[in-house]
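Have a look at the structure below before the remarks.
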Amino acid sequence: MDFIASANKAIVQLQPYQPGKPSDELERELGLTRISKLASNENPLGPSEKINTCLGQAFQDLTRYPDGSANQLKQKLSELHQVEIDQITVGNGSNDVLELVARVFLGPGTQAIVAQHSFVVFSLVTLALDSQLTIVPAVNYGQDLSATLAAVTPRTKMIFIANPNNPTGTWLTEKAMREFLDALPGHVIVVLDQAYFEYVVESDYPDGIALSREYPNLVVTRTFSKAYGLASLRLGYAISHRDIADLMNRIRQPFNVNNMALAAAMIALDDQDYVNKSVQLNTAGMAQLSAMASELGLQVIPSVGNFLCVDFGREAGPIYDGLLREGVIVRPVGLYELPSFLRVTIGTAEENLHFFAALKKVLDKQ
Ligand SMILES: *Cc1c(COP(=O)(O)O)cnc(C)c1O
């Protein structure tokens with residue numbers, strides 16, 4: 001049986017997602033004990049201590065299915081964001097809701113638009129659904145909104161925007177977003193991924209959920225994986241027009257969010273101190289890493305996320321390998337058409353210093 005020949009062409013042609021290298025894999029391979037994982041934009045603080053207590057209770061309930069409607073969490077999110085409960089769709093990570101919204105609107109004969117260097121999950125879900133993917137060239141590594149508008153055709157169903165974008169860290173102002181949304185035909189869905197929302201301190205950075213009150217074609221996604229420090233539990237959500245949420249919820253797996261995640265999220269949303277601490281650590285770490293890069297004469301892409309793309313001016317693969325041997329895992333971004341860059345997640349002050357020392361060693365040797 002030739003299973004490949006009989007499979008969906010769109011799936012056969014997909015390039016699988018490449019996650020950051022896990023620490024224990026590097027430990028196994030090189031026998032290193034001190035490892036700084038700065039590869040997946042995780043929160044370096046570790047989870048909020050308050051979460052330990054609630055997980056004990058969720059652990060007692062492991063034999064039971066979770067609340068498939070995520071009722072308590074949705075209640076809390078609806079108060080926090082001042083939206084109705086029926087506008088919320090929960091997901092097994094925000095990647096799950098990105099896929100759900102794509103499945104509602106995309107398929108053969110449709111078109112979706114993404115920016116060059118933008119988050120790879122957008123193109124993955126589009127291509128998997130056999131929808132046509134249009135990639136708009138970036139300006140200064142960021143999304144060119146006028147070129148994005150110009151790329152719209154009668155078949156365009158969806159435009160994906162990550163604000164800020166991963167891996168570049170580039171971002172769009174509220175004014176730019178409004179001008180774009182005003183000019184866009186209302187039948188085109190804009191998926192605005194705000195995974196790093198909590199980290200952004202710039203005053204003209206838009207709150208997508210506030211914008212979605214004026215633009216019903218806007219679907220905003222958020223996550224507990226970054227500033228809330230819960231990447232492993234897998235929990236994200238979308239806020240949208242209720243009719244879109246209704247369709248997304250029809251195809252959502254009934255128990256796509258587990259008990260532990262639901263319990264932890266309730267605590268995490270109340271632990272604003274933890275989020276503030278995470279943001280402060282990130283802002284300080286961003287300054288620290290930027291200073292290190294400039295000390296080494298390296299350019300960076302200005303970033304408002306919890307990561308920074310550093311330009312080595314040449315193929316960055318050997319530098320990535322050298323850093324691995326020093327116990328520092330960063331992320332190659334050749335897949336994103338940024339072959340001379342490495343993406344570095346902001347770590348603790350100590351991890352950032354580990355990266356700096358390792359990088360100096362690697363650059364000296366090469
Ligand atoms: C990290 C990240 C996410 C979060 O994904 P989860 O599935 O919620 O863990 C979403 N979008 C972007 C752009 C990201 O970088």
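Read the numbers this way: they start at 1 and go in the same order the structure lists the ligands and their atoms. What you see is a predicted model, and the numbers here were worked out from it, not measured in a lab. Index from 1, following the sequence.
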request  = Could you tell me which residues satisfy side chain to side chain contact (heavy atoms under 4.5 Å, CB included) with Asp86, sequence neighbours excluded, listed by chain and number?
outcome  = Glu84, Arg242

task = Output all residues satisfying salt bridge (charged side-chain N to carboxylate O under 4.0 Å, His left out) with Glu350, sequence neighbours left out; order by chain, then residue number.
result = none

key: Phe341 and Tyr320 aromatic centres sub-6.0 Å   = no

request  = Please name all residues satisfying side chain to side chain donor-acceptor pair (under 3.5 Å) with Arg250, sequence neighbours left out, ordered by chain then number.
outcome  = Asp246

inquiry  = Counting only heavy atoms from other residues, nucleotides and ligands, does the tally under 6.0 Å from CD of Glu214 exceed 12?
reply    = yes

remark   = Output for ligand 1, non-hydrogen cut-off under 4.0 Å, lists Gly93, Ser94, Asn95, Phe119, Asn166, Asp193, Ala195, Tyr196, Thr223, Ser225, Lys226, Arg234

ask   = Is the closest side-chain heavy-atom distance between Phe197 and Asn163 below 4.5 Å?
value = no

